[in-house]
Protein chains: 2
Amino acid sequence: MPVASSANQTAKASPSKTVRAPAAQRGATRLQVDQAVRNALLTGRFVPGKAVTLRGLAQELGVSPMPVREVIQGLAAERALDVKPNGRVQVPEMTADRFSEILKARLLLETELSCMAMENLDNTDAKELTSIDLDIDESIISGNAEAYMRLNHLFHFRIYRASNSSILLPLVESLWLQFAPYMRTVYGRVGTVNLIDQHKEAIHAISNKNADALRNAITADIQDGMGMIGREGLPPEA
Amino acid sequence: MPVASSANQTAKASPSKTVRAPAAQRGATRLQVDQAVRNALLTGRFVPGKAVTLRGLAQELGVSPMPVREVIQGLAAERALDVKPNGRVQVPEMTADRFSEILKARLLLETELSCMAMENLDNTDAKELTSIDLDIDESIISGNAEAYMRLNHLFHFRIYRASNSSILLPLVESLWLQFAPYMRTVYGRVGTVNLIDQHKEAIHAISNKNADALRNAITADIQDGMGMIGREGLPPEA
DNA sequence: CTGTTTATTTTGTGATCACAAAATTGAGAA
DNA sequence: TTCTCAATTTTGTGATCACAAAATAAACAG
């Protein structure tokens, strides 16, 4: 899945004379790498434990190792990637401690975020969320875990983004990057059919402009989605 | 303040033959740059709006621009540095919205963190915290804002670190990196003598193993430290 | 076949380079 | 002076290189 124009790669014609494509805009390559890796993490295409190598990712995306290095450093700072003591980078493994702490943090921050968002949400947003939720239902019954994760993220952050938050929102985004790869492995084990859709009540709360109801719906959604794991055997390995 | 051995810099002897120092260990240079910038931010030596340039920082620390690039990317991902649309990097400016949100996030996360830490804190920790607090008192009366900020960070995170948290702790660290530079400008304006020391009660709560009391003390400390700004004129500029 | 040791490959790290976009400076005209 | 525009410098970006540590593969001895 090359992300850059083919003229960009293998730019080695004459010595000490590197030809470069016009470069659509400043930092476009890094941005594309960043989005590619983020999407891969959020949709579970990067499995916990998976090794992430500079040259590997660079070749896979059709770019030089340079922008990949910077993106990896950024994602490592967000704890979305794990830099081992020997420098190797991998998708973090989940542990029981990490999981329960993420659950706690999500409940704390995402309920707050949804309350903040409430005052800026109107019926137009409710309709959009309804549309997304329909796609979510479809992804659940069809067992398309990747689509489910993408849409579920879209649903939640469509709400949170209305909060106009510049502090809490990035923190929550970091949390999602951390637990998403593990959730994907859970869906692979127990499927997606067991998922309960708590989104209907969230939409209803938004339509009624009831902040408390939205808070409860978000709480229920988080606890349903992640609490399920508690009954399945939390730690993937001891 | 060169951070690397003098043998490392100006390593340009013969063409295409770079001499390198034995390299104490893997990633040591980047780690030193990272700690240097983090300390500068946390102690307020980097003022909001200050431009952070690759070559500038690299030369100041006596390293090549390479490790600086990676560190900056990491700190930008933690919102500790602000990457403008044109690629320039600077210490973030504070706004009223950001400030109140940071305050809210601190109250949410740091109280939780202190409660988690309580069960692992013993009298040895209390004595250490007392020692730190004495130094804090001294820094306040002497008006040494930089020392105060360093010690205050040390005090809080000595507590939080006992929580053995791997999720919430990095989030809070990100918050401190974000508000520290601004706080320094406030201390420069109104001085440090107005600061109220709420740490005594926190230490007392730890000695008594009273989680609720610790929560209250941390809450009071945060609100005292940051609530003061509300009476001084929050936004540095509109 | 098993365990150990050596050779090979992979991989992160620091450094340097070339280039373009952007900011800054400088000169000249009104 | 003040404005405008060209020249210069600064700065981030992508690319490539050299090196060492680490991981893997390959020999080899038992």
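Chain identifiers are assigned alphabetically (A, B, ...) following the order of the sequence lines, protein sequences preceding nucleic acid strands; residue numbering begins at 1 within each chain.
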Requested in this report: List the atom of Val47(A), the atom of Val91(A), and the distance in Å for their closest heavy-atom pair.
Outcome: O-CB, 3.4 Å

Report summary line: Sequence neighbours excluded, the answer for ring pair (Phe, Tyr, Trp, His ring centres under 6.0 Å) partners of Phe157(B) is His153(B), Tyr160(B), Trp176(B)

Report summary line: Closest of dG12(D), dA18(D), dT16(C) to the Met66(B) side chain is dT16(C)

Query raised in the report: What about Arg69(A), does its side chain sit under 3.5 Å from the base of dG14(C) through a donor-acceptor pair?
Result: yes

Report task. Check every atom of dT11(D), dA15(D), dT11(C) against the side chain of Thr53(A) and return the nucleotide holding the closest atom. Result -> dT11(C)

Requested in this report: Hey, which sits more toward the 5' end of DNA chain D by its nearest nucleotide, Arg55(A) or Leu31(A)?
Outcome: Leu31(A)

Report task. Choose from dG14(D), dT16(C), dA18(C) the nucleotide whose nearest atom is closest to any side-chain atom of Pro65(B). Result -> dT16(C)

Query raised in the report: For residues 176-187 of chain A, which residue pairs qualify under salt bridge (Lys or Arg N to Asp or Glu O under 4.0 Å), counting only residues two or more places apart or in two chains?
Result: none

**Report entry** Pairs where residues 148-159 of chain B contributes a residue and the test salt bridge (Lys or Arg N to Asp or Glu O under 4.0 Å) is met, not counting sequence neighbours
**Finding:** Glu128(B)-Arg158(B)

Report task. Give a yes/no on whether any side-chain N or O of Ser64(A) is located under 4.0 angstrom from OP1 or OP2 of dG14(D). Result -> no

Query raised in the report: By a strict heavy-atom criterion of less than 4.0 Å, which residues belonging to residues 80-92 of chain B are in contact with DNA chain C?
Result: Asn86(B), Arg88(B)

Report task. Round to the nearest Å and state the distance from Arg26(B) atom CZ to dA22(D) atom P. Result -> 7 Å

Got a list of side-chain donor-acceptor pairs under 3.5 Å for residues 48-55 of chain A, not counting sequence neighbours?
from: Thr53(A); atom 1: OG1; to: Gly56(A); atom 2: N; distance (Å): 3.1

Query raised in the report: Please give, in whole Å, the distance from dT10(C) C1' to Gln59(A) CD?
Result: 13 Å

**Report entry** For Phe46(B), all residues meeting ring pair (Phe, Tyr, Trp, His ring centres under 6.0 Å), sequence neighbours excluded
**Finding:** none

Query raised in the report: What integer distance in Å separates Leu57(A):CG from dG12(C):C1'?
Result: 14 Å

Query raised in the report: Under 4.0 Å between a side-chain N/O of Arg30(A) and OP1 or OP2 of dT13(D), yes or no?
Result: yes

**Report entry** Proximal nucleotide (of dT11(D), dT16(C), dT13(D)) relative to the Leu54(B) side chain
**Finding:** dT13(D)

Query raised in the report: The side chain of Glu70(B) lies closest to which of these nucleotides: dA15(D), dT11(C), dG14(C)?
Result: dG14(C)

Report task. Check whether any side-chain heavy atom of Met183(A) sits under 4.5 Å from a side-chain heavy atom of Met94(A), and report yes or no. Result -> no

